[in-house]
Amino acid sequence: MKDMLKGKVALVTGASRGIGRAIALALAENGAAVAVNYSSSESSALEVAELIRKNGGKAEIFKAGINIETEVEEMFSAIEKSLGPVDILVNNAGITKDNLLMRMKTDEWDSVIDVNLKGTFLCTRRAVRGMMKNRYGKIINISSVVGFTGNAGQFNYSAAKAGVIGMTKTAALEFASRGIRVNAVAPGFVETDMTASLPDDVKTTYMEKIPLKSLGRPEDIANAVVYLASPLSDYMTGQTLHLNGGMYLQ
Ligand code: NAP
């Protein structure tokens with residue numbers, strides 16, 4: 001099973017840290033050549049690529065703000081030149097700018113929508129170009145449990161993450177006839193830089209809501225992404241895998 005993704009090229013956005021890092025490592029471990037995207041953490045991105053190469057895999061780093069059209073275009077051209085066309089796109093990069101709605105500044109709204117939604121739009125639109133030619137592709141979008149439940153203080157982020165689900169379903173419908181599968185993963189509370197800054201009382205409140213009584217690890221999310229990237233999930237499109245320790249049951 002370790003060469004399940006052999007011959008495939010995967011782009012993971014925001015792969016320098018957290019969940020994206022774990023996804024990049026897991027895809028490489030299963031044989032994919034990985035394009036490690038980052039926006040500012042160059043040394044962390046380099047570390048991910050070096051770790052993959054040390055383990056016998058193939059990886060390169062690519063700097064691009066996923067919300068900036070010209071940078072996305074340049075990144076895809078560079079990946080195609082050095083690794084080949086992208087077969088697997090993981091739209092992982094995301095940011096939060098939390099505030100209660102009454103106090104939320106317009107730029108807190110704009111930046112979260114820009115990175116989480118526009119970034120996913122730009123990368124998906126560019127990636128399907130090559131995938132349509134190959135009549136094959138896997139797109140995996142990282143949403144969040146709060147896109148389903150809402151969360152006080154995350155008006156912008158929950159809107160973006162619910163939006164990602166709409167994008168997943170629409171892209172699944174538009175590209176199914178071309179052999180492109182589009183699915184989403186909705187993590188609960190995962191231990192990364194994004195959640196590290198939350199006050200202890202907020203973390204305790206979250207923990208009380210998780211039936212499995214533990215926070216998620218980036219690797220838990222990466223395992224689901226490997227499944228969605230692999231032929232094991234070929235009959236699945238437009239769906240969401242919920243990985244949250246049971247805190248949201250449908
Ligand atoms: P993180 O630790 O804060 O890492 C964010 C990553 O996104 C970094 O690699 C960062 O790159 C990259 N990034 C940010 N803005 C970017 C941009 N404009 N262009 C390109 N890359 C950009 O976040 P995380 O916790 O791993 O979250 C990863 C994804 O999972 C996000 O979509 C997040 O919303 C989602 N999620 C997380 C949780 C959780 O509990 N952690 C739960 C549900 C969903 P640099 O290092 O270069 O800044």
Side-chain angles (χ1 to χ4, degrees), residues 11-26 34-49 61-76 79 89-98 110-123 126 140-151 153-154 156-165 167-168 184-198 202-203 206-207 209-210 214-222 224-225 240-245 247-248:
L11 164 60
V12 184
T13 66
S16 49
R17 296 184 280 120
I19 294 172
R21 179 185 198 273
I23 293 171
L25 296 175
V34 179
V36 175
N37 160 256
Y38 68 100
S39 65
S40 57
S41 310
E42 183 166 87
S43 58
S44 308
L46 266 174
E47 200 186 288
V48 174
I61 66 165
F62 297 90
K63 178 178 165 75
I66 55 156
N67 49 319
I68 302 167
E69 192 167 353
T70 49
E71 295 188 14
V72 169
E73 184 56 45
E74 282 163 19
M75 170 173 67
F76 272 87
I79 296 169
L89 167 66
V90 185
N91 284 309
N92 165 78
I95 59 165
T96 50
K97 293 266 159 107
D98 297 353
D110 285 343
S111 57
V112 167
I113 296 300
D114 210 38
V115 175
N116 295 280
L117 277 185
K118 188 178 173 192
T120 299
F121 158 61
L122 291 175
C123 290
R126 181 56 180 79
I140 299 118
N141 296 325
I142 308 301
S143 176
S144 166
V145 67
V146 307
F148 294 82
T149 60
N151 196 20
Q154 294 195 310
N156 48 2
Y157 184 73
S158 57
K161 292 304 187 183
V164 163
I165 298 302
M167 290 168 131
T168 302
V185 173
F189 189 104
V190 183
E191 283 188 279
T192 67
D193 294 345
M194 187 177 269
T195 47
S197 57
L198 290 173
V202 174
K203 285 186 193 166
Y206 274 124
M207 193 67 108
K209 290 187 192 157
I210 304 173
S214 66
L215 302 182
R217 300 164 307 137
E219 293 74 21
D220 295 322
I221 313 306
V225 172
T240 302
L241 290 180
H242 293 269
L243 303 168
N244 51 42
M247 76 186 270
Y248 169 69

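What's counted below: heavy atoms across the whole structure, side chains too, no hydrogens, waters or symmetry copies. In each ligand, atom 1 is the first atom listed, and ligand 1 is the first ligand listed. Residues take their numbers from the sequence shown, with the count starting at 1.
Here atom 48 (O) of ligand 1 lies nearest to Arg17 when heavy atoms of Lys63, Arg17, Glu191 are compared. By heavy-atom distance, the residue among Ser143, Ser39, Gly216, Ser144 lying nearest atom 17 (C) of ligand 1 is Ser39. Between Asn92, Val146, Thr13, it is Asn92 that holds the heavy atom closest to atom 31 (C) of ligand 1. When the heavy atoms of Tyr157, Phe62, Phe189, Tyr206 are ranked by distance to atom 35 (C) of ligand 1, first place goes to Tyr157. The heavy atom nearest to atom 39 (C) of ligand 1, considering only Asn244, Leu215, Val190, is found in Val190. Considering only non-hydrogen atoms, atom 46 (O) of ligand 1 lies nearest to Ser41 out of Ser197, Cys123, Ser41.
Protein heavy atom closest to atom 19 (N) of ligand 1, with residue, atom name and distance, is Ile66 N, 3.0 Å. Of the protein's heavy atoms, Thr192 OG1, 3.6 Å lies nearest to atom 24 (P) of ligand 1. Nearest protein heavy-atom neighbour of atom 18 (N) of ligand 1: Asn67 OD1, 3.1 Å. Protein heavy atom at the shortest distance from atom 12 (C) of ligand 1 is Gly14 CA, 3.5 Å. Annotation: atom 21 (N) of ligand 1 to nearest protein heavy atom, Ala93 CB, 3.5 Å. Scanning the protein for heavy atoms near atom 9 (O) of ligand 1, the closest one is Ser16 OG, 2.7 Å. Ranking the protein heavy atoms by distance from atom 30 (O) of ligand 1 puts Ile142 CG2, 3.4 Å first.
Between Ile95 and ligand 1, no N or O atom pair is found at a separation short of 3.5 Å. Inclusion of Ile19 in the set of residues having an N or O under 3.5 Å from an N or O of ligand 1 is warranted. Between Val145 and ligand 1, not a single N/O pair is under 3.5 Å apart.
Checked against Asn92 for a side-chain contact (heavy atoms from CB on, under 4.5 Å), the options Thr13, Leu11, Asn37, Val185 give a single hit: Thr13.
Around atom NZ of Lys97, no more than 12 heavy atoms belonging to other residues, nucleotides or ligands sit under 6.0 Å away. In this structure, Glu69 places its CD atom where only 12 or fewer heavy-atom neighbours from other residues, nucleotides or ligands lie under 6.0 Å away.
Leu241 and Ala224 make their closest contact through CD1-CB, 4.1 Å (heavy atoms, listed as atom of the first residue, atom of the second, distance). In plain terms, the two heavy atoms of Val164 and Ser143 that are nearest each other are CG1-CB, 4.1 Å. Taking both residues in full, the closest heavy atoms of Asp220 and Leu243 are given as O-CD1, 3.8 Å, listed atom of the first, atom of the second, then distance. Minimum heavy-atom separation, Val12 to Ala24: CG2-CA, 4.1 Å.
Inter-residue side-chain proximity for Phe189 and Lys209 is flagged as unmet; no heavy-atom pair is nearer than 4.5 Å. Looking at heavy atoms from C-beta onward, Thr192 lies out of side-chain contact with Arg17 at the 4.5 angstrom threshold.
Under the 4.0 angstrom criterion for non-hydrogen atoms, Gly188 is in contact with ligand 1. At a 4.0 Å cut-off, at least one heavy atom of Ser40 sits close enough to ligand 1 to count as contact. Residue contact check for ligand 1: Gly65 places a non-hydrogen atom closer than 4.0 Å to it. For the ligand labelled ligand 1, residue Arg21 lies outside the 4.0 Å heavy-atom shell. By the 4.0 Å heavy-atom criterion, Ala64 is counted among the residues contacting ligand 1.
Less than 4.0 angstrom separates some heavy atom of Gly18 from each of these atoms of ligand 1: 2 (O), 26 (O). Numbered from 1 in the order shown, with element, the atoms of ligand 1 that lie under 4.0 Å from a heavy atom of Asn37 read 20 (C), 21 (N). Residue Asp193 approaches ligand 1 through these ligand atoms, each under 4.0 Å from one of its heavy atoms: 2 (O). When each atom of ligand 1 is checked for a heavy atom of Gly94 under 4.0 Å away, the hits are 5 (C), 7 (O), 31 (C), 32 (O). Atoms of ligand 1 lying under 4.0 Å from any heavy atom of Thr195, numbered from 1 in the order shown and given with element: 39 (C), 40 (O), 41 (N).
In this structure, CG on Leu89 lies 5.5 Å from CZ on Phe76, to the nearest 0.5 angstrom. In this structure, Leu215 CG and Ile210 CD1 are separated by 5.0 Å, a value rounded to the nearest 0.5 Å.
For Asn244 (side chain) and Met247 (main-chain N/O), a donor-acceptor pair under 3.5 Å exists by modelled atom type. Lys161 contributes no side-chain N or O that, together with a main-chain N or O of Gly150, makes up a donor-acceptor pair within less than 3.5 Å. In terms of modelled atom types and a separation under 3.5 Å, the side chain of Asn116 and the main chain of Ile95 share a donor-acceptor contact. With hydrogens and angles ignored, the 3.5 Å screen pairs no side-chain donor or acceptor of Lys63 with any backbone N or O of Tyr38.
Residue contacts with ligand 1, taken as heavy atom pairs separated by less than 4.0 Å, do not involve Glu42 at all.
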